Amino acid sequence: MKGNQCLSILYLFLFLASFYVTFLVSSVEARKSSALSHKKHHKQKHGKGKSGRYCPPPATPTPTPTPTTPPSGSTYPVMSNNFNVLSFGAKGNGATDDSKALLEAWEAACKVQGATVEIPSGYKFFIKPITLQGPCMPHLVLQIDGTVLAPPKVSSWPESGLFQWINFKWVQNFTIQGSGTVDGQGSEWWVSSQSTTNKKSYQPAKIPNMKPSALRFYGSNSITVRDITITNSPLCHLKFDNSIGVQVHNVTISSPEDSPNTDGIHLQNSRDVEIHHSNIGCGDDCVSIQTGCSNIHLHHITCGPGHGISLGGLGKDRSVACVSDIVVENIIMQNTLFGARIKTWPGGIGSVKNVSFSNIQVSDVKVPLIIDQFYCESHVHCKNQTGAIAISNIQYSKIVGTYSAQPIHLACSNDIPCSDVDLIDIQLTPSPRNRGLQQALCLNSYGTTKAPLVPRSIDYCLRESHRLVRRVQSSHERICQLGY
Ligand SMILES: *[C@@H]1O[C@H](CO)[C@@H](O)[C@H](O)[C@H]1NC(C)=O
Ligand SMILES: *[C@@H]1O[C@H](CO)[C@@H](O)[C@H](O)[C@H]1NC(C)=O
Ligand SMILES: *[C@@H]1O[C@H](CO)[C@@H](O)[C@H](O)[C@H]1NC(C)=O
Ligand SMILES: *[C@@H]1O[C@H](CO)[C@@H](O)[C@H](O)[C@H]1NC(C)=O
């Protein structure tokens, strides 16, 4: 806010000053050179002016970034809007720490409307964990055409910064684009995250509860991420939390299959999100939708290897979780452990409702459709927990392809069964690579089926919807309506 105010005051000053000059010359011809005089004034002002702590000179960083020609006849002061990190002292040799240069380029660009921070192609920029903070002037672009490298050693991440590598905080009307690559160099994290069972071979880093992400958006609005490649991230490639209005498209996310706990995209406490025409493959979930998400639209995504697309785990440690209005469609899953998955911890509170999975093509997927209300990681005891997050209005339609273990596994709790689950046009056949197949399972699941259904066992899987079950559901949904 303060920066914006400073900028407006400066504009006003320049405007008045130029009026004064124009008045003195008092000639109509002089108007032609007015743009020039604006420029001179602008430069002089910053050359001499003391940059007060609370009113820094906008958009005149040292060194001066590449100037761009203003539109002819412009009466605005000439301001560059291209902030190339090389002009801010970045080396781009993949070894020198370029964090400061990126931060300075960001801070300068942040003050200019429609500015671009440029990470040029042909260079590799080594960046330590940093926060790029807003709010900035609208329509800021981070153009990544080169490669951005994270520190390969877990130990070089600061204790305070384990949640993410590059943190975009409180940004609005912001776009990341370009043909470049964001490389998290995360292989040491992958070993660490597994070493609870293998302590001798490696001293594990203290992995926080939230998976460290390569790129994280926090508290941000109207964000677009497009075209870039994100690879080898610590434990998550791209995360949005507490954000509204997100567009992700034409993005490639990839880590090898032996990045066992590494997710593609994480969404948490965010709404109005669209992720499409992207390619995601890593060791864990392609997309993971966590608590507090609503109005999420995923489509035209290729997912695999990995664990598929997941809602949850929700309700860990008896927490409240609310997820609603999710559409997942036109997805190709290849060689994933699961396809469309909803997983909740025993003892959780809240609800998952209005979720639709449609047009999903699976190939060699272990269990394509799964609801698991008994989700529990081995190191936590959840056996005695009662209660569950209510799951209702879940539609599966046009799920076609091959599975290698079980076509459908709907394991819902006895206390709070799953209701209004629809299975429409499910055609799943065993993949040639299966090692023993199981029948479709629907435990405490109520809803309707509609042909074609292959295998036929799906037809008798669900129980008919029940008034009492619905009543149990709505009492749990109420908690979410109260604003959790
Ligand atoms: C920011 O983006 C939102 C949504 O696209 C739009 O409604 C709003 O007007 C934009 N703000 C500015 C200052 O451009
Ligand atoms: C997708 O991104 C690549 C760069 O990674 C670019 O070359 C291509 O034009 C983009 N496609 C679309 C449809 O935007
Ligand atoms: C279900 O979610 C979709 C997608 O967000 C939304 O358009 C629709 O209105 C929701 N339906 C109900 C009954 O809330
Ligand atoms: C589970 O409940 C049993 C019987 O009430 C009790 O003996 C046991 O300690 C409980 N286990 C845990 C992990 O809470």
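Since we're looking at a predicted model, the values are computed, not measured.
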Legend entry - Pair Lys450-Asp422, salt bridge (charged side-chain N to carboxylate O under 4.0 Å, His left out): steps then yes or no: CA-CA 8 Å; Lys450 198 169 166 205; Asp422 295 333; over 6 Å; no
Inset, instruction - Mind running salt bridge (charged side-chain N to carboxylate O under 4.0 Å, His left out) on Asp285 and Arg341 for me, showing each step along the way? - result: CA-CA 10 Å; Asp285 296 336; Arg341 177 161 65 152; 3.3 Å; yes
Inset, instruction - With side-chain contact (heavy atoms from CB on, under 4.5 Å) as the test, would you mind laying out the steps for Gln290 and Asn269 before giving the verdict? - result: CA-CA 7 Å; Gln290 300 286 342; Asn269 288 319; over 6 Å; no
Inset, instruction - Using the side-chain contact (heavy atoms from CB on, under 4.5 Å) rule, take Ile265 and Leu298 through it: C-alpha gap first, then chi angles, then the decisive distance, then the call. - result: CA-CA 11 Å; Ile265 301 179; Leu298 313 182; over 6 Å; no
Legend entry - salt bridge (charged side-chain N to carboxylate O under 4.0 Å, His left out) evaluation trace for Lys91 with Asp98: CA-CA 7 Å; Lys91 294 285 180 287; Asp98 289 328; over 6 Å; no
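The pair Lys398-Asp425 meets the salt-bridge criterion, since a charged nitrogen lies less than 4.0 angstrom from a carboxylate oxygen.
Under 3.5 Å, the side chains of Asp415 and Ser413 contain no donor-acceptor pair of N or O atoms. Of the N and O atoms on the side chains of His249 and Glu274, not one donor lies less than 3.5 Å from an acceptor on the other residue. Residues His277 and Asn250 bring no donor and acceptor atom of their side chains to less than 3.5 Å of each other.
Using modelled atom types, one side-chain atom of Lys211 and one backbone atom of Asn261 make a donor-acceptor pair closer than 3.5 Å.
The 12-atom threshold is not exceeded at OH of Tyr218, counting heavy atoms of other residues, nucleotides or ligands nearer than 6.0 Å.
The shortest side-chain heavy-atom distance between Trp165 and Ser233 does not fall under the 4.5 Å cut-off. Within the 4.5 Å cutoff, side-chain heavy atoms of Ile371 are placed close to those of Tyr396.
For His300 and His276, the gap between ring centers reaches or exceeds 6.0 Å.
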